Amino acid sequence: MEKQKVLVTGGAGFIGGNFVQFMLNKYPNYEIYNLDLLTYAGDLTKHRELENKSNYHFVKADISDRKTIMSLFEKEKFDYVIHFAAESHVDRSITNPEIFVLTNVLGTQVLLDAAKQHNIIKFVHVSTDEVYGELDFDPTLFFTEETPLQPNSPYSASKASSDLLVRAYYETYKLPVNITRCSNNYGPYHFPEKLIPLTISRVVNDQRVPVYGDGKNIRDWLHVIDHCAAIDLVLHKGKNGEVYNIGGHNEKTNLEVVKTIIETLGKPENLIEFVEDRLGHDKRYAIDPTKLEQLGWKPTYNFETGMAQTIQWYLDNKEWWEQIISGEYQRYFDKQYRI
Ligand code: NAD
Ligand code: TYD
């Protein structure tokens, strides 16, 4: 049987990296191509054990480099595209929105054009629940696939723009696409600028943790492996042109998340430092995953089991995150927080 060729963009990042490993484990007969520009968020050391596999290939490229992307598609004739590559951090989008438009909007359009010129089976665009804007604290309110797009940050606006392009390529050209909109992920290889790994790495070192505003903003946390399984399902079973929300009903305030980590690590709560709130800080995100559940998806982790696994992973893999929090990251942290 001919091997299926799978292009994963952003496979050196957090979720894309987990997805590359998930797919290689689950489908040993697939050829996996990891295309990544290796920005500050990209790291290949996580794939050291894959380097000798004959069905894993790494391509260093910029998704907005039309010429390179077009010739890669021409050469490799991919069957599937799973598009993770993006600028992904809200705080960075507040200080420098431009790169978010270049990568997230233009980069997605280049990939769509390349996919359109070839006979791909499926293009999965990995998006975020942040495109829906924010919810009130009323616990009966959830984002569904019909919720209007009302992004509030430059990051979510750029992701919403890319979602609209993906939709348009389905409506106009019948490109076989799906859009997934996921809640906040956590788990192994999460870059330590995001709340959970930032908190773990700082608390382990007895450093203070910056909590924005009053810490009462709510996020719906999903373990990255449950996200990978959901994307795999959509890739193979998703109906063309459809959007699928992915979330785990694990809503927590930021303060609850930080306190869980501090308590698990046996450290004092006075490590918490309330800092100035993020501009335009969305109050609450919460997903209704009914549509995806009807397709056959069920998460395997709840917040408690997922956090226990994740904290243990960070304790066991200090070497990985210590090399990351030195250098550029440390300069970013000092400038962003001054604590
Ligand atoms: P990440 O920042 O950890 O990784 C992004 C990867 O994309 C990096 O490896 C980076 O080098 C690469 N990249 C950036 N610009 C590129 C370019 N121009 N060309 C090629 N590669 C480039 O992000 P993540 O947290 O793994 O998120 C992956 C996707 O999932 C993103 O599209 C994000 O919007 C979406 N998402 C993330 C979350 C979350 O909680 N992290 C939640 C919902 C959706
Ligand atoms: P983050 O991990 O940046 O994800 P997102 O903004 O995409 O939801 O932040 C999660 C929540 O944690 C968000 O409400 C902002 C808050 N937060 C802090 O309180 N302190 C921090 O240092 C960071 C990075 C985030």
Side-chain angles (χ1 to χ4, degrees), residues 8-20 34-44 46 59-65 68-69 82-94 99-100 102-104 106-108 110-111 125-131 134 152-153 155-156 158-160 162-163 180-187 189-199 202 208-224 227 231 245-247 252-255 257-258 272-278 280-285 287 333 336-337 339:
V8 178
T9 72
F14 163 46
I15 308 175
N18 276 281
F19 187 74
V20 162
N34 168 12
L35 182 148
D36 199 294
L37 183 59
L38 300 180
T39 67
Y40 79 92
D43 145 74
L44 283 180
K46 61 169 77 81
V59 183
K60 183 169 189 276
D62 184 341
I63 53 167
S64 43
D65 175 351
T68 304
I69 297 298
I82 304 95
H83 175 34
F84 294 91
E87 288 292 334
S88 71
H89 192 35
V90 174
D91 292 328
R92 290 184 190 249
S93 82
I94 294 168
I99 185 71
F100 284 74
L102 290 174
T103 296
N104 299 0
L106 291 179
T108 300
V110 168
L111 288 169
H125 176 62
V126 179
S127 190
T128 167
D129 61 357
E130 301 190 25
V131 298
E134 65 174 358
N152 293 321
S153 71
Y155 162 67
S156 53
S158 69
K159 291 296 290 187
S162 63
D163 287 18
T180 60
R181 298 193 178 126
C182 187
S183 58
N184 285 57
N185 282 219
Y186 67 101
Y189 298 116
H190 202 181
F191 194 85
E193 68 185 349
K194 307 281 170 70
L195 179 70
I196 288 178
L198 179 146
T199 302
R202 290 190 64 83
R208 283 168 294 160
V209 179
V211 172
Y212 298 163
D214 58 10
K216 294 200 176 126
N217 302 60
I218 291 175
R219 296 293 181 262
D220 182 357
W221 292 96
L222 181 73
H223 195 280
V224 65
H227 188 189
I231 293 171
N245 284 351
I246 312 173
K252 300 286 169 199
T253 66
N254 293 337
L255 212 44
V257 170
V258 170
I272 294 173
E273 177 147 342
F274 291 95
V275 300
E276 203 180 322
D277 210 352
R278 172 186 279 174
H281 195 174
D282 286 338
K283 283 201 277 288
R284 172 174 171 256
Y285 306 139
I287 286 269
F333 188 91
Q336 178 78 11
Y337 297 106
I339 65 170

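Just follow the structure's listing: the first ligand is 1, and inside any ligand the first atom is 1. Bear in mind that the values here come from a model prediction, so they are computed numbers and not experimental data.
One side chain, Tyr40 or Glu193, offers a donor N or O that lies under 3.5 Å from an acceptor on the other.
By the 30° and 60° cut-offs, the orientation of the rings of His83 relative to His125 is tilted. The aromatic rings of Phe84 and Phe19 sit tilted relative to each other, their planes meeting at an angle between 30° and 60°.
The nearest heavy-atom contact from the protein to atom 14 (O) of ligand 2 is His281 NE2, 2.7 Å.
Using a 4.0 Å heavy-atom cutoff, Tyr155 is listed among the residues neighbouring ligand 1. Using a 4.0 Å cutoff on heavy atoms, Phe84 counts as a contact of ligand 1. The closest approach between any non-hydrogen atom of Thr9 and ligand 1 is not below 4.0 Å. No heavy atom of Gly11 sits closer than 4.0 Å to any atom of ligand 1. The shell of residues lying under 4.0 angstrom from ligand 1, judged by heavy atoms, includes Ala61.
With distances taken over non-hydrogen atoms, the option nearest atom 23 (O) of ligand 1 out of Gly16, Ala41, Ser88 is Ser88. Closest heavy-atom approach to atom 20 (N) of ligand 2 among the candidates Pro210, Gly213, Ser183: Pro210. Considering only non-hydrogen atoms, atom 16 (C) of ligand 1 lies nearest to Leu37 out of Leu37, Val59, Asp65. Residue Ile15 holds the heavy atom nearest to atom 27 (O) of ligand 1 of all those in Ile15, Asn184, Asn18. The residue from Asn254, Val209, Ile196, Thr199 that puts a heavy atom closest to atom 16 (C) of ligand 2 is Asn254. For atom 15 (N) of ligand 1, the choice among Ile69, Thr103, Thr180 with the nearest heavy atom turns out to be Thr103. Nearest to atom 4 (O) of ligand 1 by heavy atom, out of Cys182, Gly13, Ala86, is Gly13.
The backbone N or O of Leu102 sits nowhere less than 3.5 Å from a side-chain atom of Asn104 that would complete a donor-acceptor pair.
Every N/O-N/O distance between Asp91 and ligand 2 stays at or above 3.5 Å. Polar contact with ligand 2: present for Asn184 (N/O pair, distance under 3.5 Å). For the pair Asn217 and ligand 2, the shortest N or O to N or O distance does not fall below 3.5 Å.
The distance from the CD1 atom of Ile15 to the CD1 atom of Ile231 is 7.0 Å, given to the nearest 0.5 Å.
At a 4.0 Å heavy-atom cut-off, ligand 2 touches Arg278 through the side chain alone. Under 4.0 Å from ligand 2, heavy atoms of Leu195 appear from its side chain as well as its backbone. At a heavy-atom distance under 4.0 Å, no atom of Val275 approaches ligand 2.
Residues Leu255 and Phe274 form a side-chain contact, since some pair of their non-hydrogen atoms from C-beta on lies under 4.5 Å apart.
Heavy-atom contacts of Tyr337 reach the following atoms of ligand 2: 21 (C), 22 (O), 23 (C), 24 (C) (cutoff under 4.0 Å). Close approach to Glu130 involves these atoms of ligand 2, each under 4.0 Å from a residue heavy atom: 5 (P), 7 (O), 8 (O).
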